[in-house]
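Here is the naming used below: chain letters follow the sequence lines, and residue numbers restart at 1 for every chain.
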There are 2 protein chains.
Amino acid sequence: MQDRVLLIEDDEELRVLLARYLSNQGFQVREAANGEDGLALALGQNCDIVVLDIMLPDINGLEVLRQLRASTHLPVILLTARGDETDRIVGFEVGADDYIPKPCNPRELVARLQALLRRIAWEQHTDVDAGQNYGDLRLEPEQRRVYQDEKVLDLTATEYEILQVLLARAGSVVRKTDLMQWALGRRLEAYDRTLDMHISNLRKKLGNDDPPRIETVRGLGYSYRLPA
Amino acid sequence: MQDRVLLIEDDEELRVLLARYLSNQGFQVREAANGEDGLALALGQNCDIVVLDIMLPDINGLEVLRQLRASTHLPVILLTARGDETDRIVGFEVGADDYIPKPCNPRELVARLQALLRRIAWEQHTDVDAGQNYGDLRLEPEQRRVYQDEKVLDLTATEYEILQVLLARAGSVVRKTDLMQWALGRRLEAYDRTLDMHISNLRKKLGNDDPPRIETVRGLGYSYRLPA
DNA sequence: CCGGGCTTTACAGAACCTTTACCAGCCATT
DNA sequence: AATGGCTGGTAAAGGTTCTGTAAAGCCCGG
């Protein structure tokens, strides 16, 4: 199954060069020399991805993109003049998926095309991922839930994050400062007892076993004890 | 609710700078100063997108990416040394979704993050299958109707869309921002309560059961509870 | 102009996070 | 062993953010 690329580019020399290269790389190539033709072809639903020059003789490339986005979400890579940051940013805002500065390296174009197509292929194949197990705990990231022996633990968002980080590092110590950064998303400041509180609440919800599931490593941090 | 960015970058000065900027732009930021920590965090499934420096003190960024790709398809933006085309192309081949040359303009980083997130959000959207049953509910996409025990529910267009999305992902959490994008077709802005209103109305029409069919996952979104 | 549907506003209440306060160990020093 | 500094546990209070929902406003097609 070859992927079908639509190349919208007015510079004949560059267009032919790229078309030939893409074709050699196993793509099926459609060409358009102006915005109007390109838009019509793109809307015709028989290509998988679009390479679009911004500078076109008739309609501006960004306008083509805008009209395209009104009805489809076909992946689009923009060709922009090198260094023109404005076009790039506007392009993204209008809904481009990627851009390449001109003059462009064909290898890079192919790499980007493939990256984009691969992502789309992946997204469309939906896989249900089973939860990860840690002793009697099971993490279900999809549902953002933790099960303890088939019973759902009623955790808050922060508690979930903390537990998740501890479990990912189960058996080894997570320093308080890292735990803070990773689970709460901010730096641990002096006299901030927030983390201690969350740990306390978590322990309560996990059941206050002995020895505790979440061990304190004084002066360092915490560590989730894995079952033997 | 806000998108969660994981920033893997060893240069503390740059990392803190970017983290602060991203945070001001409404992202939730997690930081990691080396490849090992970064990889562990990324695999923990509580970030939405990764910004990954290629030059890291321990594991090479490309290797981090490779290991990440072995099990997930989390979107990744690479930070590369300017002009190093090899890294860029290898990066794409390993599965990066985008790259930015260093030193990078924070505005451009944000633009790319948003472009990538928008694309992902769109691609992950899936429709329900025709005539699918969910407990006592049956969706008829051709007629755009929902039956509850053979009785048609009188839903508005938007309510139908929302329910459709929730059912397509029944059992797992749909984030507000995605729900907004998929059902209402626009981005969720701060203080926009539209979605909450529609959910409230939907619940009323579905019958205000207990426990509610549409569960609230505070700080994240909603989830349609599957029948046991 | 009317009515339905979408959005905004406003307020109340709930859930959550953080701070405060007090107490108990740990540890090095006296 | 007693002292004092420091770290950690936790209850309770305080404050913030998020959510539910009624009501009013807005927009568009008829």
Is [Y] paired with [X] through a side-chain N to carboxylate O contact shorter than 4.0 Å?
X	Y	answer
A/Arg203	A/Glu159	no
A/Arg138	A/Glu140	yes
B/Glu31	A/Arg186	no
A/Arg213	A/Asp136	yes
B/Arg175	B/Asp48	yes

Roughly how many Å is it from [atom1] in [X] to [atom2] in [N], rounded to a whole number?
X	N	atom1	atom2	value
A/Asp192	D/dT7	CG	C1'	14 Å
B/His198	D/dG20	NE2	C1'	15 Å
A/Asn201	D/dA12	CG	P	13 Å
A/Met180	D/dG8	CE	P	14 Å
A/Leu179	D/dG8	CG	P	12 Å
A/Ile199	D/dG9	CD1	P	8 Å
A/Ile214	D/dG8	CD1	P	15 Å
A/Glu159	D/dT10	CD	P	13 Å

Comparing A/Thr216 and B/Asn208 on DNA chain D - which has the more 5′ nearest nucleotide: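 Looking at DNA chain D, the more 5' nearest nucleotide goes with A/Thr216.
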Please state whether the phosphate of [N], meaning OP1 or OP2, lies under 4.0 angstrom from any side-chain nitrogen or oxygen of [X].
X	N	answer
A/Lys176	D/dT7	no
B/Tyr222	D/dG20	yes
B/Lys204	D/dG20	no

- prompt: Hey, does A/Thr194 reach any base, or is it just sugar-phosphate, or nothing, if we go heavy atoms under 4.0 Å?
  reply: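 Touches a base.
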message: Within the 3.5 Å criterion, strictly below it, is a donor on A/Arg193 or A/Ser200 matched to an acceptor on the partner's side chain?
response: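 The answer is no; no qualifying pair exists.
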- prompt: Are A/Tyr99 and B/Arg112 linked by a side-chain donor-acceptor pair shorter than 3.5 Å?
  reply: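 Judged by distance alone, the side chains do pair up.
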field: Outermost nucleotides of DNA chain C that come under 4.0 Å of a non-hydrogen atom of chain B
entry: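 The contact span of chain B on DNA chain C goes from C/dG5 to C/dC16.
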query: Does the base of D/dG20 carry an N or O that pairs as donor and acceptor with the side chain of B/Arg203 under 3.5 Å?
result: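 No.
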task: Would you kindly compare A/Arg193 and A/Leu155 by the position of their nearest DNA chain C nucleotide and give the one closer to the 5′ end?
output: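 The residue mapped nearer the 5' terminus is A/Leu155.
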